[in-house]
Amino acid sequence: MTVSPAMEPTARPVRTAPPVRTALKRRYLMCRPEHFAVTYAINPWMDPETGADAALAVEQWEALRAAYITLGHEVSLIDPIEGLPDMVFAANGALVVGGRVYGARFAYPERAAEALAYVEWLRSNGFAEVLEGLHTNEGEGDFLTLGHIILAGTGFRTDLAAHQEAQEFLGRPVVTLRLVDPRFYHLDTALFPLGDDNVAYYPGAFSPGSRAVLERLFPHAVIAGERDAAVLGLNAVCDGRNVVINAEATGLIETLRRHGYDPVPVDLSELRKAGGGPKCCTLELRFPG
Ligand code: ARG
């Protein structure tokens with residue numbers, strides 16, 4: 001019996017469409033950069049000689065806030081405090097998981113007072129279970145929460161002992177990752193969660209052992225190149241489908257699109273002069289359940 005042409009196996013590779021991604025509504029805490037300035041240097045991005053344009057920073061930050069609201073997320077605001085120019089980077093203020101607040105303890109004295117301001121805001125907004133960290137930790141700058149685990153950075157800011165402290169308090173497995181490139185001094189400058197069980201990251205920011213851990217945990221991760229990392233493209237915020245990301249990270253934006261995500265480019269060039277991007281400006285408030 002001869003095989004009819006229609007039944008011949010096709011030589012063309014089957015192109016599967018990327019999965020449909022689902023956005024989940026988020027609650028974010030942000031701080032308007034009214035007192036933003038670059039007056040000290042605690043990371044390689046900061047140069048007090050160059051400074052930064054506070055008015056432009058506010059304008060760009062307002063566009064970020066508007067983007068979240070357009071996507072359907074809820075944004076709460078904490079009052080900025082004069083003399084705390086980095087307070088706009090709300091991610092560093094705490095880690096909030098399952099309604100429990102693990103409070104920050106900053107590595108540099110310039111930012112130390114922010115910790116209490118964030119903890120007080122959270123306490124007076126319904127979060128009763130608060131642990132003020134005994135060990136140095138910079139909140140969501142170094143702790144990124146996925147469905148079942150929390151990834152935690154160390155090497156520049158957050159102490160290893162804080163990883164243990166967070167795990168014990170939050171009851172979630174905390175996986176330590178070692179950062180080795182001073183440009184990527186917080187975990188959230190080198191990696192971001194894509195929903196509950198995948199991530200995007202720049203391998204060059206991590207020690208060989210931590211790279212191996214990431215490969216083992218996330219075989220389908222989105223890998224970013226140095227050019228996209230160098231514009232803080234990994235400092236992005238994903239709601240499961242939409243990815244709010246620095247507009248200059250053009251390569252990563254294309255890759256994310258191919259994986260079925262909807263990039264939402266924003267321009268935060270002024271805040272980058274302090275070493276921050278969209279994620280740094282955003283603390284996620286995760287309620288119980
Ligand atoms: N100038 C700030 C610092 O060095 C920037 C913090 C950025 N925040 C972040 N989550 N990566 O502490």
Side-chain angles (χ1 to χ4, degrees), residues 28-33 35-54 57 60-61 64 78 80-81 83-96 102-115 117-118 133 136-145 150-159 162 166 177 179 181-193 200-202 205-206 224 229-238 244-246 249 266 268-285:
Y28 297 133
L29 177 60
M30 297 180 72
C31 178
R32 187 181 283 108
H35 306 295
F36 176 66
V38 178
T39 51
Y40 51 78
I42 55 173
N43 70 54
W45 303 82
M46 302 176 88
D47 178 5
E49 298 260 290
T50 316
D53 179 338
Q60 294 178 338
W61 177 93
L64 173 65
I78 178 172
I81 298 174
L84 296 176
D86 274 337
M87 195 173 163
V88 56
F89 301 118
N92 302 133
L95 166 66
V96 185
Y102 178 53
R105 178 177 288 260
F106 284 84
Y108 292 100
E110 290 89 338
R111 298 196 65 187
E114 293 178 41
Y118 277 93
T136 302
N137 85 87
E138 300 201 345
E140 279 203 320
D142 272 321
F143 288 104
L144 296 172
T145 303
I150 296 174
L151 300 177
T154 190
F156 296 101
R157 300 286 177 93
T158 297
D159 273 357
L177 298 170
L179 298 162
D181 180 332
R183 291 174 299 167
F184 308 108
Y185 55 95
H186 276 143
L187 181 62
D188 75 354
T189 61
L191 180 149
F192 67 93
Y201 68 98
Y202 168 55
F206 297 92
V231 292
L232 288 182
L234 276 315
N235 194 252
V237 178
C238 178
V244 178
I245 180 168
N246 273 337
V266 292
L268 288 187
S269 54
E270 230 29 56
L271 292 160
R272 194 164 49 228
K273 294 178 180 168
K279 169 59 204 165
C280 300
C281 296
T282 313
L283 174 62
E284 183 164 352
L285 306 176

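Index from 1, following the sequence. The basis for the numbers below is simple: all heavy atoms, side chains too, and nothing from hydrogens, waters or symmetry mates. Keep in mind the model is a prediction, meaning the values are calculated, not measured. Counting convention: from 1, in listed order, for ligands and their atoms alike.
- Within 4.0 Å of ligand 1, protein heavy atoms belong to I42, N43, M46, D86, F89, A91, N92, R111, G141, R157, Y185, H186, D188, T189, A274, G275, C280, listed by chain and number.
- Within the model, atoms CH2 of W45 and OG1 of T189 stand 8.0 Å from one another, a figure rounded to the nearest 0.5 Å.
- The side-chain hydrogen bond (donor to acceptor under 3.5 Å, both in side chains) check on D159 picks up nothing, with sequence neighbours excluded.
- Remark: the Y118 side chain and the N92 side chain contain no N/O donor-acceptor pair separated by less than 3.5 Å.
- Checking L151, L179, N235 one by one against L191, the side chain to side chain contact (heavy atoms under 4.5 Å, CB included) holds for a single residue, L151.
- For T158, the side-chain hydrogen bond (donor to acceptor under 3.5 Å, both in side chains) criterion is met by D142, not counting sequence neighbours.
- With sequence neighbours excluded, no residue satisfies ring-ring contact (aromatic ring centres under 6.0 Å, His included) with F192.
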